[in-house]
Amino acid sequence: METNLTWAEFEKVAMYIGTIIKVDDFPEARKPAFQLTIDFGELIGIRKTSAQITKRYTKEKLLNRQIVAVVNFPKKQIGKFMSECLVLGAVGQEGDVILLAPDLKIENGLRIG
């Protein structure tokens with residue numbers, strides 16, 4: 001069982017909608033991954049991250065796709081790459097990730113709540 005959070009703790013997690021505007025291979029990663037550049041709109045701007053989502057997604061399927069990400073984690077150095085946000089997804093039985101996304105096209109930068 002997971003630990004219960006208070007409402008105040010949940011509100012500290014800044015989850016926003018963004019659109020993937022660039023997808024690159026990440027050959028230096030220990031596990032297969034892509035480097036993603038994501039547009040979160042005017043307020044947050046452009047952020048980069050890496051994601052181990054190569055089992056279910058191609059670069060072409062990711063480009064221009066909207067996703068949900070946490071934008072208020074500290075930056076994380078992954079090899080020579082600096083990750084600036086965390087893309088959210090459901091983790092399947094075999095470790096494959098299914099991205100969380102809105103079911104309709106919406107404005108980048110909208111907060112999840």
Side-chain angles (χ1 to χ4, degrees):
M1 176 99 174
E2 302 293 325
T3 304
N4 291 330
L5 295 176
T6 66
W7 185 255
E9 289 170 324
F10 173 73
E11 286 181 319
K12 290 179 183 177
V13 181
M15 294 178 282
Y16 286 86
I17 297 295
T19 298
I20 299 170
I21 58 172
K22 185 177 178 191
V23 182
D24 293 312
D25 292 322
F26 193 6
E28 299 86 8
R30 282 185 241 143
K31 294 182 181 178
F34 291 123
Q35 293 177 347
L36 307 176
T37 303
I38 305 166
D39 180 359
F40 289 100
E42 271 188 49
L43 183 64
I44 298 166
I46 306 293
R47 300 275 178 101
K48 293 183 179 183
T49 191
S50 68
Q52 297 172 359
I53 54 176
T54 60
K55 286 185 180 181
R56 289 202 178 248
Y57 300 97
T58 63
K59 290 192 282 187
E60 295 76 21
K61 283 186 180 179
L62 291 168
L63 195 59
N64 299 315
R65 181 185 181 94
Q66 287 194 304
I67 51 81
V68 177
V70 176
V71 300
N72 65 334
F73 280 129
K75 294 179 181 180
K76 181 178 180 181
Q77 189 77 42
I78 304 170
K80 295 179 181 179
F81 183 78
M82 183 65 72
S83 181
E84 302 170 319
C85 62
L86 175 68
V87 174
L88 298 180
V91 181
Q93 293 286 339
E94 298 177 20
D96 55 326
V97 176
I98 299 91
L99 293 171
L100 298 185
D103 61 350
L104 300 172
K105 180 91 170 154
I106 58 176
E107 180 182 338
N108 289 332
L110 291 181
R111 184 162 183 163
I112 305 298

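Being a predicted model, the structure only gives us computed values, none of them experimental.
Sparse packing is recorded around NZ of Lys31, with 12 or fewer heavy atoms of other residues, nucleotides or ligands lying under 6.0 Å away. Within a 6.0 Å radius of NZ in Lys55, other residues, nucleotides and ligands contribute more than 12 heavy atoms.
Between the side chain of Tyr57 and the backbone N or O of Leu99, at least one donor-acceptor pair lies under 3.5 Å. Although no hydrogens or angles enter the test, the distance criterion places no donor-acceptor pair under 3.5 Å between the side chain of Arg47 and the main chain of Thr37.
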Output side-chain donor-acceptor pairs under 3.5 Å for residues 106-113, partner residues at least two apart or in another chain, one line each.
{"residue": "Asn108", "atom": "OD1", "partner": "Thr19", "partner atom": "N", "Å": "3.3"}
{"residue": "Asn108", "atom": "OD1", "partner": "Thr19", "partner atom": "OG1", "Å": "2.6"}
{"residue": "Asn108", "atom": "OD1", "partner": "Gln66", "partner atom": "NE2", "Å": "3.2"}
{"residue": "Asn108", "atom": "ND2", "partner": "Thr19", "partner atom": "OG1", "Å": "3.3"}
{"residue": "Asn108", "atom": "ND2", "partner": "Asp39", "partner atom": "O", "Å": "3.4"}
{"residue": "Arg111", "atom": "NH2", "partner": "Glu11", "partner atom": "O", "Å": "2.8"}
{"residue": "Arg111", "atom": "NH2", "partner": "Val13", "partner atom": "O", "Å": "3.0"}

Which donor-acceptor pairs under 3.5 Å do the side chains of residues 79-95 make with protein atoms, sequence neighbours left out?
{"residue": "Ser83", "atom": "OG", "partner": "Thr49", "partner atom": "OG1", "Å": "3.0"}
{"residue": "Ser83", "atom": "OG", "partner": "Cys85", "partner atom": "O", "Å": "3.2"}
{"residue": "Glu84", "atom": "OE1", "partner": "Lys48", "partner atom": "N", "Å": "2.7"}

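In this structure, Tyr16 OH and Asn72 CG are separated by 8.0 Å, a value rounded to the nearest 0.5 Å. From Leu100, atom CG reaches atom CD1 of Ile67 across 9.5 Å, with rounding to the nearest 0.5 Å. Phe40 contributes atom CZ, which lies 9.0 Å from atom CD1 of Ile46 (distance to the nearest 0.5 angstrom). With rounding to the nearest 0.5 Å, the separation of CG in Leu63 from CD1 in Ile20 is 8.0 Å.
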Practice task
Start with the C-alpha distance between Leu62 and Ile53, add both sets of side-chain angles, then the distance that settles side-chain contact (heavy atoms from CB on, under 4.5 Å), and finish with yes or no.
Solution key: CA-CA 10 Å; Leu62 291 168; Ile53 54 176; 3.7 Å; yes
Practice task
List the steps, then state whether side-chain contact (heavy atoms from CB on, under 4.5 Å) holds for Arg56 with Ile98.
Solution key: CA-CA 7 Å; Arg56 289 202 178 248; Ile98 299 91; 3.5 Å; yes
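For the pair Val70 and Met15, the tightest heavy-atom approach, listed with the atom from each and the gap, is CG2-CG, 3.8 Å. For the residue pair Asp24 and Lys22, the shortest heavy atom distance occurs at OD2-CE, 3.1 Å. The minimum heavy-atom distance between Asn4 and Glu9, with the atom names listed, is O-OE1, 4.3 Å. Smallest separation of non-hydrogen atoms from Lys59 and Val23: CG-CG1, 3.4 Å.
Hydrophobic clustering, with ILVMFWY side chains joined whenever heavy atoms are under 4.5 angstrom apart, keeps Ile17 apart from Val71. When hydrophobic clusters are built by joining Ile, Leu, Val, Met, Phe, Trp and Tyr residues whose side-chain heavy atoms come closer than 4.5 Å, directly or via intermediates, Ile78 is not grouped with Phe34.
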